[in-house]
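Numbers for residues simply follow the sequence, beginning at 1. Keep in mind the model is a prediction, meaning the values are calculated, not measured.
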Amino acid sequence: MVGEDETEGTATKAAQRGEGSWLAALGLSRAFISLIFMTYAACLPVLVREWSMTGTQAGLVQSAFSAGFAISLFVTSWLCDHLGAKRMFLWFCWLGATAALGFALFARSFEQALWLYGLVGFTQGGSYTPAIMLVAQRLPSARRGAGVGWVLAGMSAGYVGSISLAHGLIATFDYQTAFLVCALGTVVGAIFGSVAAGRAANLVAERLAEVTHAALLKDRRSLLLTLGYMGHCWELFGMWAWAPAFLIASLGNRFALGAVGLGIAIAVALHLSAFFASFTLGQASDRYGRRAVLLAVAAIGTLCSFGFGWSGQLPPLLLLAFAAIYGFAALGDSSVLSTAMSEAVPASHLGRVLAVRSILGIGVGAAAPVAFGAVLDLSTPGHGWGWAFVLMGIGGLVATVCAALLPAAAPSRPERRPGEHP
């Protein structure tokens, strides 16, 4: 009897080690694929001059990326139910590397960048939802929050690398070199993605015709999670678009390490903090419950939004610390929202629910930067930043209310197997 228990315990530990190495490959894949994500934004001051772009044209290129990202989230989420998440993830890893290399080698003007970067956005979104679904399919609920958090943490690490690499390379060489190095990183990401996909099953949903999107969103829990995600995207996308500009405007010549140092400091403050948020809060939701973590993080993010725009005169280190807390809270509920949704609907319908959620959330989020800029234009000097960030905080407030209204659920706990001790 003891021998059987020890054998089962050893098998359990081996299985968990296998899950760990698989998650590592998946997280590294997301990190390297995301190296192209912030490259255009990091190089924008130089590109405006080199490509003779107006501000509107520069914004259109970024909008094309966001539009491609949103469309691919909807399309690939739906296709995951029909063709399998593994297949979609693998296809879009390599499509993403191809698109990134095409952008790096051929984007030399506004017209070329407009469609090439839009294609990059489409392929970036195409591997995002399938990665989350692979985690939901492979990991039990008790470890799912940490798994999804690890995937999103990998993306945040990629954002840090993208901004830091691009800033350093464009200052030392030129924007072409920055584009190419970041694009080569996506090839490494596709290789890691192939390793992760090779160790996953391709699950295809059955009886797809029996469920409609409208019916799925009638469920109270999935509806609240979708509305919360929309509020989350409004706050996050507005913050991501304008927080760097606010920090540059506020710190200016007060930052001792110069422009390149400031760029790296902003990347670390906003995105390295998000890396830790995705991983640690996913684990926390496994232990304390999705609702409790969503409520706490959304409330903290809302308070940050309401105060961040008025904090421009803080000493540089304090302002960057505030930005780090803001980045932690604004992205922190993303992994928990995705994990909670994977538990709120049947696995066979998850792709279609995520498709609806994605198009609604990213659609709302895409409008946030424009609304932010409109507030800046309409406000009196000295007050625009504060009120614009307050407007972003409305999304955080919506997410907080939705979290408070979620049905309470007991924290997920791992099942005890023979031979394991509490």
Side-chain angles (χ1 to χ4, degrees), residues 41 66 152 156 159 224-251 265-278 280-281 292-314 316 318-337 360-406:
S66 299
L152 298 188
S156 294
Y159 300 159
L224 286 171
L225 289 169
T226 299
L227 291 174
Y229 183 74
M230 292 167 67
H232 158 78
C233 287
W234 173 269
E235 182 178 49
L236 180 65
F237 279 45
M239 186 273 283
W240 269 357
W242 286 100
F246 170 71
L247 290 171
I248 291 171
S250 300
L251 295 175
I266 290 172
V268 169
L270 293 177
H271 296 296
L272 190 60
S273 62
F275 168 88
F276 290 109
S278 296
T280 58
L281 293 176
V293 174
L294 284 174
L295 182 59
V297 176
I300 293 171
T302 302
L303 292 175
C304 288
S305 289
F306 287 166
F308 190 62
W310 310 103
S311 65
Q313 296 305 311
L314 288 176
L318 282 179
L319 183 54
L320 288 170
F322 194 172
I325 295 171
Y326 194 9
F328 183 95
L331 187 71
D333 49 355
S334 184
S335 64
V336 187
L337 283 165
L360 292 175
I362 304 299
V364 168
V370 179
F372 192 112
V375 173
L376 287 181
D377 291 338
L378 295 172
S379 299
T380 57
H383 295 86
W385 289 112
W387 290 118
F389 277 107
V390 166
L391 181 61
M392 299 302 101
I394 300 301
L397 187 60
V398 169
T400 303
V401 171
C402 288
L405 294 175
L406 276 176

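Remark: side-chain polar atoms of Trp387 are not paired, donor with acceptor, to backbone N or O of Gly309 under 3.5 angstrom. Of the possible polar contacts, none joining the Ser334 side chain to the Leu331 backbone as a donor-acceptor pair under 3.5 Å is found.
A pairwise comparison of heavy atoms in Leu247 and Ala323 identifies CD1-CB, 4.0 Å as the closest pair. Here the shortest heavy-atom pairing between Gly228 and Ala399 reads O-CB, 3.7 Å. The two residues Glu235 and Met392 come nearest to each other via the heavy atoms CB-O, 3.5 Å. The two residues Ala243 and Phe308 have their closest heavy-atom pair at CB-CE2, 4.2 Å. Contact detail for Met239 and Ala330: the closest heavy-atom pair is CE-CB, 3.6 Å.
The shortest distance between side-chain heavy atoms of Ile325 and Ser273 does not fall below 4.5 Å. Side-chain atoms of Val398 and Tyr229, non-hydrogen and from C-beta on, never get closer than 4.5 Å to each other. For the pair Ile362 and Phe237, the minimum side-chain heavy-atom distance is below 4.5 Å. Contact annotation: the side chain of Leu281 never approaches that of Asp333 to less than 4.5 Å [non-hydrogen atoms, C-beta and beyond]. Side-chain contact between Cys233 and Val364: absent, with no pair of heavy atoms (C-beta onward) separated by less than 4.5 Å. Here the side chains of Phe246 and Leu319 are in contact, with some heavy-atom distance below 4.5 Å.
The aromatic ring centres of Phe306 and Phe389 sit 6.0 Å or more apart.
Around the CH2 atom of Trp310, the shell of radius 6.0 Å holds more than 12 heavy atoms that belong to other residues, nucleotides or ligands.
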Verdict with supporting geometry, Leu406 and Leu294, side chain to side chain contact (heavy atoms under 4.5 Å, CB included): CA-CA 10 Å; Leu406 276 176; Leu294 284 174; 3.8 Å; yes

Mind running side chain to side chain contact (heavy atoms under 4.5 Å, CB included) on Trp385 and Val375 for me, showing each step along the way? CA-CA 8 Å; Trp385 289 112; Val375 173; over 6 Å; no

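Partner of Leu320 under the side-chain contact (heavy atoms from CB on, under 4.5 Å) criterion, out of Leu251, Leu314, Val268: Leu251 alone.
With sequence neighbours left out, the side chain to side chain donor-acceptor pair (under 3.5 Å) criterion links Tyr326 to Ser305. For Thr400, the side chain to side chain donor-acceptor pair (under 3.5 Å) test picks out Thr302, with sequence neighbours left out.
Rounded to the nearest 0.5 Å, atoms SG (Cys402) and CG (Leu224) are 5.5 Å apart.
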